[in-house]
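Note sheet for the following structure.
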There are 2 protein chains.
Amino acid sequence: MAGSPDQTGAGRSASSAEVRRRLLEVAAHMVREQGAPALSARKLAAATGTSTMAVYTHFGGMPGLVRAMVAEGFSRLFARVAAVPITEDPLLDLRNAAAAYRAHARADPDLYAVMFGSATLGDYRLHYEDRIVGLDAFVQIKQFMERGMAAGVLQEADPAAVAAQWWTALHGFVMLELTRFIDVVDDAEDTVLWPLMDHLLSSLMVTPEPPRKDV
Amino acid sequence: MAGSPDQTGAGRSASSAEVRRRLLEVAAHMVREQGAPALSARKLAAATGTSTMAVYTHFGGMPGLVRAMVAEGFSRLFARVAAVPITEDPLLDLRNAAAAYRAHARADPDLYAVMFGSATLGDYRLHYEDRIVGLDAFVQIKQFMERGMAAGVLQEADPAAVAAQWWTALHGFVMLELTRFIDVVDDAEDTVLWPLMDHLLSSLMVTPEPPRKDV
DNA sequence: TCCCATCCATAACACCGTTATGATCGGACC
DNA sequence: GGTCCGATCATAACGGTGTTATGGATGGGA
């Protein structure tokens with residue numbers, strides 16, 4: 001509770017912000033390379049070249065550091081989905097968005113698990129408030145749906161509900177993929193993920209099409 | 001590694017099996033009531049009225065105890081899905097199976113998270129081999145699909161792939177529901193879960209129907 | 001120049017899973 | 001019946017964890 005040390009001229013602010021940035025960077029690296037349980041305050045401090053107290057001055061403790069990691073994870077997920085080019089085909093955009101979302105999760109699976117799982121990192125349980133920061137990405141999906149409806153491709157409906165259906169299917173696949181449960185079927189990407197997304201989208205279209213073949 | 005102490009006349013076998021049973025029962029209760037991070041060998045032993053060594057003689061350590069909990073969780077999930085009555089309407093059966101599956105997850109959310117999340121319980125990471133025991137439930141879903149195809153209601157397709165699509169959508173909803181992410185939309189059960197399942201099933205039907213209204 | 005808030009290094013505390021040791025007890029065998 | 005043996009678990013110690021208390025160093029504001 002050191003009173004939110006932002007960069008407003010507090011102490012040696014430049015070097016301090018640098019320590020904070022490096023702590024987050026090293027922590028993310030440790031989680032990505034060695035898995036969530038490998039992250040500890042002591043090992044993190046040693047790898048960053050500081051002491052455990054730095055974690056407390058900058059984040060108030062390990063849960064605070066994890067919160068910051070999750071927030072940055074959502075920020076990157078947001079950026080990744082936002083980077084898909086918007087074409088004249090809203091359905092293609094939605095497919096590309098799904099591919100980008102999945103790629104992001106596969107690139108950093110342990111962080112995705114902490115973001116979305118009821119996963120605990122170490123012993124610190126994240127609460128709903130700690131994850132709500134991730135809903136920017138959901139707003140993006142909603143906008144994809146709104147574009148599709150405005151273009152007359154998707155049926156008029158509640159964009160939030162439709163976006164949530166899309167998210168549910170995609171998140172379900174990603175989680176089963178990361179936990180390897182999806183390995184019960186062969187070639188899951190082509191036999192589960194894209195057929196499922198196609199089933200959903202064609203049900204939402206004004207004039208349903210047979211599932212496309214081009215990936 | 002005490003050589004699998006089954007009930008074949010080993011020591012005071014009756015009392016021993018009883019201790020093992022109570023350890024599992026108390027551990028499940030602690031996870032259900034206080035969440036996964038609240039489970040520790042010491043508190044579990046104290047609550048069970050024994051010492052931490054009992055965990056090692058019966059399960060080889062905390063990871064082994066968690067494995068046993070996960071196996072029992074899958075067993076109960078299997079029983080829950082198996083208990084849905086089989087009617088002459090395969091689609092109704094699939095809907096009832098989904099409702100039973102979701103109800104099971106909601107009744108013991110932390111255990112579901114350990115079973116399916118890349119969630120860690122304490123610091124012990126479960127491996128794929130520890131969770132493979134849960135695939136009995138998947139076989140059941142596959143059989144539902146096979147019945148639907150045999151009855152001429154569902155299109156002929158790979159039952160495993162179709163079952164995996166169904167599972168993906170359902171698991172995605174359950175996870176988003178347990179983590180409360182689904183709260184971004186109102187009335188998620190009626191605006192997300194059932195519409196999504198209906199979209200999927202109608203895409204799989206020989207003669208698609210409009211989504212049903214009866215819940 | 002002085003001062004003071006900030007930052008972090010050190011050490012201690014309580015807790016964790018795990019291991020080593022040994023007492024205890026029930027069943028098997030002679 | 002006496003004896004032994006092996007499984008079971010109570011106790012204590014070890015290295016790890018997050019966290020807290022303490023104090024020294026450092027750099028900017030008055």
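Every chain is numbered from 1 and lettered A, B, ... according to where its sequence line falls, protein lines coming before strand lines. As the structure is a prediction and not an experimental result, all values here were calculated from the model.
With hydrogens and angles ignored, the 3.5 Å screen pairs a side-chain donor or acceptor of A:T87 with a backbone N or O of A:D89.
Positionally, the nearest nucleotide of DNA chain C for A:G49 lies more toward the 5' end than for the other of B:G61 and A:G49.
Taking atom CG of residue A:L44 and atom P of nucleotide D:dT17, one finds them 11 Å apart after rounding to whole Å. Nucleotide D:dC9 holds its P atom 4 Å from the NE2 atom of B:H58, rounded to whole Å. In this entry the distance linking CZ of B:R21 with C1' of D:dT8 reads 18 Å, nearest Å. Between A:R20 atom CZ and C:dT6 atom P the separation is 16 Å, expressed in whole Å. The nearest whole Å value for the distance from the OH atom in A:Y56 to the C1' atom in C:dT10 is 15 Å. Rounded to a whole Å, the CZ atom of B:R22 is 16 Å from the P atom of D:dT8. What separates CG of B:L39 from P of C:dC15 is a distance of 17 Å, to the nearest Å. Atom CD of A:E18 and atom P of D:dT26 are 19 Å apart (whole Å).
Contact annotation for B:T50: backbone-only contact, meaning every heavy-atom pair under 4.0 Å involves sugar-phosphate atoms and none involves a base.
The side chain of B:S40 lies closest to C:dC16, out of C:dC16, C:dT18, C:dC8. Picking from C:dC7, D:dT11, D:dT20 the nucleotide with the shortest atom distance to the side chain of B:S51 gives D:dT11. With distances taken from any side-chain atom of B:K43 to the nucleotides C:dG17, C:dC16, D:dC9, the minimum falls on C:dC16.
Between the CG atom in B:D93 and the CD1 atom in B:I86 there is a gap of 6.5 Å [rounded to 0.5 Å]. Rounding to the nearest 0.5 angstrom, the gap separating the CD atom in A:Q165 from the NE2 atom in B:H199 is 4.0 Å.
Among residue pairs with one or both ends in residues 97-109 of chain A, those qualifying as salt bridge (Lys or Arg N to Asp or Glu O under 4.0 Å) are A:R32-A:D108, A:R102-A:E177, A:R102-A:E189, A:R106-A:E177; sequence neighbours excluded.
The aromatic ring centres of A:F74 and A:F116 sit less than 6.0 Å apart.
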Between protein and nucleotides 11-13 of chain C, what N or O pairs are separated by less than 3.5 Å?
{"residue": "C:dA12", "atom": "N6", "partner": "A:R42", "partner atom": "NH2", "Å": "3.4"}

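Taking the six-membered ring where the residue is Trp, B:W166 and B:Y101 present perpendicular rings, their angle passing 60° and hence far from 30°.
When the side-chain nitrogen and oxygen atoms of B:T57 are compared with OP1 and OP2 of D:dA7, none of them lie within a distance under 4.0 Å.
Take B:F78 and apply the side chain to side chain contact (heavy atoms under 4.5 Å, CB included) test, not counting sequence neighbours, and it matches B:D136, B:Q140.
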